[in-house]
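See structure below.
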Amino acid sequence: NTIFKDIVISIDPYTSVNEAIDQQEIINWSKDVEKANSITIAQAATELQTHFHLLGKNVRLLKYDKKNIDNNIVMITRAHILSNHDNIADNINFNHLGDQGFVIFPHSNSIYISANTRIGLLYGAYEILKKMGFSWYNPIETIVPKKVIENPDYYKSTKKPFVRFRGFWMYPDDNLPEEYVFWLARNRLNIAGKMKAHLAKKFGIKRWGGGHHLIQEEFSNKDLFKEHPDWYSLYNGKRIPVSATKQNYVNPAFSNQEAADYFSKRLIQRLDKGDLEFFDVLNVWPSDTRKGITDQSHLAKLVGNFTDTVLYFNFSIAENLKKAYEVGKLARKVLLYGISYHMTMEPPTNRAVIRKLQSLDNYIHIFYPSTRDWSFPINSKTEVSTANEKFRINVNEWKKRANFAFGLVDYNNKRNYAGLGLSDHINFGSNFDFFFDVEGGLYGYMHPLKLNPGPLQLTNSLISELCWKDPAENAQKISAEVISNYFRKRYGKYQYEWKHIYDEMMRSVSNVKNIFGSESLSYVLFQNVYWKVPKYSDENKIAEFISRYRQGDIQDLPNGFYHEKTSRIKTEFIGLDESI
């Protein structure tokens with residue numbers, strides 16, 4: 001009674017696994033559905049075979065035939081089961097699995113992996129390898145288990161992702177290397193940056209692009225400003241042009257329907273046969289500073305606050321993208337990700353706009369918690385964290401007012417604050433529970449280290465496991481198990497010493513926002529660089545602030561960066577002296 005059996009798959013119209021995989025760069029993945037299914041299933045079977053070989057077990061890959069389905073691993077879709085088998089899956093709720101879930105069950109001395117889709121089958125294959133003890137903490141190394149449980153009943157499983165899209169936000173660059181794409185798939189992550197199209201299709205990975213530049217590129221045209229001044233924000237009685245650079249970057253009139261339709265048309269052209277044809281998902285980020293220039297026109301006021309106008313603009317884009325796909329102007333379905341960053345963190349007020357966005361299936365709204373405190377979980381110690389309390393209230397109010405598929409892009413690596421690639425494992429589970437109290441639309445991690453992630457390997461593992469948790473499971477409990485397994489597998493007999501090192505490294509930089517970010521020591525010392533009019537010119541006050549940053553604990557810090565009425569912001573953090 002063993003798990004190491006030959007692997008039976010259906011790969012029609014191909015005659016072999018090698019023939020199927022060799023066709024991956026040739027087929028039309030959107031139209032050649034049967035071939036697409038066969039290629040991904042062939043890849044899934046090859047992954048099982050390759051990893052079994054690492055354990056010294058040689059298995060064959062067999063083309064599906066009813067004669068060889070006994071005493072083997074059988075990988076077939078739900079449709080195949082329904083058309084070729086009697087009653088073997090009567091108790092399985094395939095509708096519950098969606099387009100990524102899978103089921104693994106023993107039957108007649110065989111182990112069946114089944115799903116609604118080819119991607120679900122792929123994830124089912126990785127589930128078997130994960131249960132065996134394989135781990136992929138980075139793209140260039142496979143952790144091989146020393147002992148494998150061979151009882152087929154142990155591998156029984158029914159799973160679907162808790163978060164629909166899981167992966168990383170990367171600024172567009174060269175195509176990701178193939179080993180990195182394999183690593184994403186093995187961890188059942190499905191969103192990243194630019195990669196070869198056939199790899200993205202084969203592994204079901206969405207290519208994620210866009211950013212601030214899209215609005216700037218389309219609206220910084222001077223002739224456009226002359227022809228359509230009402231497409232631009234009215235500020236202090238004047239229409240303000242959009243700059244092509246980051247300097248003086250302001251927003252167009254988001255509540256103007258013609259402007260939104262023009263922008264949508266240009267996006268569709270670029271997505272079809274232009275510089276955006278590599279991407280399946282787009283960020284369209286506005287200029288969203290802590291206190292920026294917003295449209296003061298009568299039309300904008302009718303729509304609502306700044307968040308409402310951005311949502312109105314987003315709805316127009318998402319609706320036009322959906323229509324373009326439905327009528328064939330776009331060969332693929334493109335998703336739009338909205339943003340809550342600074343001003344857009346303010347909850348929306350326009351119920352009509354919210355209802356329109358809720359009616360679309362190609363929009364996800366994303367929170368970017370860039371200004372929160374990192375010294376402790378977001379939903380704790382709010383009495384001593386002005387930033388976290390404000391953030392918690394806003395997120396909870398968003399969820400009350402809008403029934404979007406919400407997502408999170410996390411900043412735990414603190415890339416803008418000294419580029420530290422350290423794990424936030426101590427707070428990770430608590431923060432995940434706060435954001436994803438129900439199933440989520442996206443978890444994205446900002447700016448990953450691609451080939452040698454160091455301590456971020458632990459963060460990557462936490463992302464992978466928590467995004468696949470059961471809705472009833474507690475993320476903090478799972479997080480503790482993932483952390484324990486990571487140190488045991490990675491460091492063996494030195495696991496406790498290395499966990500202590502990771503913990504101390506994380507704590508030592510948990511104050512990085514206070515030292516380098518907003519309301520920070522850096523901003524106090526270099527205020528003449530950051531502001532035209534320095535906020536704190538009294539040298540005695542500056543000396544007092546320096547001692548506060550060195551001491552840490554609970555402190556009232558300068559609130560100059562927020563430009564709010566209150567001059568101080570409360571937070572708790574490890575002092576600079578202690579962290580050093």
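No hydrogens, no waters, no symmetry mates; every other heavy atom, side chains included, goes into these values.
- Partner Ile364 forms a side chain to side chain contact (heavy atoms under 4.5 Å, CB included) with one of Asp361, Ile366, Leu360, Asn362 and no other, that one being Ile366.
- The pair Glu504-Arg507 meets the salt-bridge criterion, with a side-chain N (NZ, NE, NH1 or NH2) lying under 4.0 Å from an Asp/Glu carboxylate O.
- A donor-acceptor pair is defined here as one N or O able to donate and one able to accept, closer than 3.5 Å; no such pair exists between the side chain of Trp231 and the backbone of Asn256.
- Remark: side-chain polar atoms of Asn221 are paired, donor with acceptor, to backbone N or O of Asp223 under 3.5 angstrom.
- Looking only at side-chain heavy atoms (C-beta outward), Phe435 and Ile378 come within less than 4.5 Å of each other.
- Contact check on Glu473 versus Lys477 returns no salt bridge, with no Lys/Arg side-chain nitrogen under 4.0 Å from an Asp/Glu carboxylate oxygen.
- Arg164 approaches Gly441 most closely through the heavy-atom pair CB-O, 3.5 Å.
- Proximity of a side-chain donor or acceptor of Gln555 to a complementary backbone N or O of Gly552 within less than 3.5 Å is detected.
- Distance alone, capped at 3.5 Å, places no donor-acceptor pair between the Asn431 side chain and the Pro377 backbone.
- Note on ring orientation: taking the six-membered ring where Trp is involved, the planes of Tyr486 and Tyr137 are perpendicular (angle over 60°, cut-offs 30° and 60°).
- The distance from atom NE2 of His212 to atom CD1 of Ile339, rounded to the nearest 0.5 Å, is 6.0 Å.
- Looking at Gln216, its side chain does come within 3.5 Å of a backbone N or O of Thr245 through a donor-acceptor pair.
- The closest donor-acceptor contact from the side chain of Asn251 to the backbone of Ser287 lies under 3.5 Å.
- Here the closest heavy-atom approach between residue Met343 and residue Thr307 is recorded as O-OG1, 3.5 Å.
- The closest donor-acceptor contact from the side chain of Thr309 to the backbone of Ser255 lies at 3.5 Å or more, if one exists at all.
- No more than 12 heavy atoms of other residues, nucleotides or ligands lie within 6.0 Å of CG in Asn452, so this atom counts as exposed by the packing criterion.
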Practice task
Check step by step if ring-ring contact (aromatic ring centres under 6.0 Å, His included) holds for Phe313 and Phe263.
Solution key: CA-CA 10 Å; Phe313 191 68; Phe263 182 77; 5.4 Å; yes

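- Contact check on Arg207 versus Glu277 returns no salt bridge, with no Lys/Arg side-chain nitrogen under 4.0 Å from an Asp/Glu carboxylate oxygen.
- For the atom pair CG of Leu521 and NZ of Lys513, the computed distance is 14.5 Å after rounding to the nearest 0.5 Å.
- Taking each heavy atom of Pro369 and Leu408 in turn, the nearest pair found is CD-CD1, 3.5 Å.
- No option in Phe436, Phe162, Phe432, Tyr123 other than Tyr123 meets the ring-ring contact (aromatic ring centres under 6.0 Å, His included) test with Trp468.
- With rounding to the nearest 0.5 angstrom, the CD atom of Glu465 is 7.0 Å from the CZ atom of Arg188.
- Between Glu218 and Arg270, at least one side-chain nitrogen of the basic residue sits less than 4.0 Å from a carboxylate oxygen of the acidic one, meeting the salt-bridge criterion.
- Without hydrogens or angle criteria, Gln296 side chain to Gly237 main chain gives no donor-acceptor distance under 3.5 Å.
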Stepwise side-chain hydrogen bond (donor to acceptor under 3.5 Å, both in side chains) test for Asp503 and His425: CA-CA 8 Å; Asp503 292 350; His425 56 286; 2.6 Å; yes

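- Of the possible polar contacts, none joining the Ser579 side chain to the Ile574 backbone as a donor-acceptor pair under 3.5 Å is found.
- The minimum heavy-atom distance between Gly193 and Met170, with the atom names listed, is N-SD, 3.7 Å.
- No side-chain donor-acceptor contact under 3.5 Å links Arg392 to the backbone of Phe434.
- Ion pair Arg548/Glu544 flagged as a salt bridge, since at least one NZ, NE, NH1 or NH2 atom sits closer than 4.0 Å to an Asp/Glu carboxylate oxygen.
- Between the OG1 atom in Thr371 and the NE2 atom in His342 there is a gap of 6.5 Å [rounded to 0.5 Å].
- The residues Asp437 and Lys399 are annotated as salt-bridged, a charged nitrogen and a carboxylate oxygen being separated by less than 4.0 angstrom.
- Using a 30° and 60° split on the angle between ring planes, Tyr180 and Phe168 fall in the tilted class, from 30° to 60°.
- For the pairing with Ile478, the side chain to side chain contact (heavy atoms under 4.5 Å, CB included) check across Asp433, Leu466, Leu462, Asp470 returns one residue only, Leu466.
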One pair to check against side-chain contact (heavy atoms from CB on, under 4.5 Å): Ile554 and Phe573. What are the steps and the verdict?
CA-CA 7 Å; Ile554 299 174; Phe573 61 99; over 6 Å; no

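- Note that CZ of Phe428 and OG of Ser461 are 10.0 Å apart. Values are rounded to the nearest 0.5 Å.
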Next on the checklist: Under the criterion side-chain hydrogen bond (donor to acceptor under 3.5 Å, both in side chains), I'd like the reasoning laid out for Ser520 against Asn514: C-alpha separation, chi angles, the key distance, then a yes or no.
Outcome noted: CA-CA 4 Å; Ser520 71; Asn514 310 105; over 6 Å; no

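- Ser243 places none of its side-chain heavy atoms less than 4.5 Å from the side chain of Val250.
- Atom CD1 of residue Ile240 and atom OG1 of residue Thr294 lie 11.0 Å apart, to the nearest 0.5 angstrom.
- A salt bridge is defined here as a Lys NZ or Arg NE, NH1 or NH2 lying under 4.0 Å from an Asp or Glu carboxylate O, and Arg372 with Asp410 meets this definition.
- The one candidate from Phe165, Tyr363, Tyr443, Phe367 that meets the ring-ring contact (aromatic ring centres under 6.0 Å, His included) condition with Phe406 is Phe367.
- Here Lys329 does not pair with Asp272 in a salt bridge; the nearest charged N to carboxylate O distance is not below 4.0 Å.
- A salt bridge links Arg332 with Asp280: at least one charged nitrogen is closer than 4.0 Å to a carboxylate oxygen.
- Nearest approach of Gly304 to Thr349, heavy atoms of both residues: CA-OG1, 4.3 Å.
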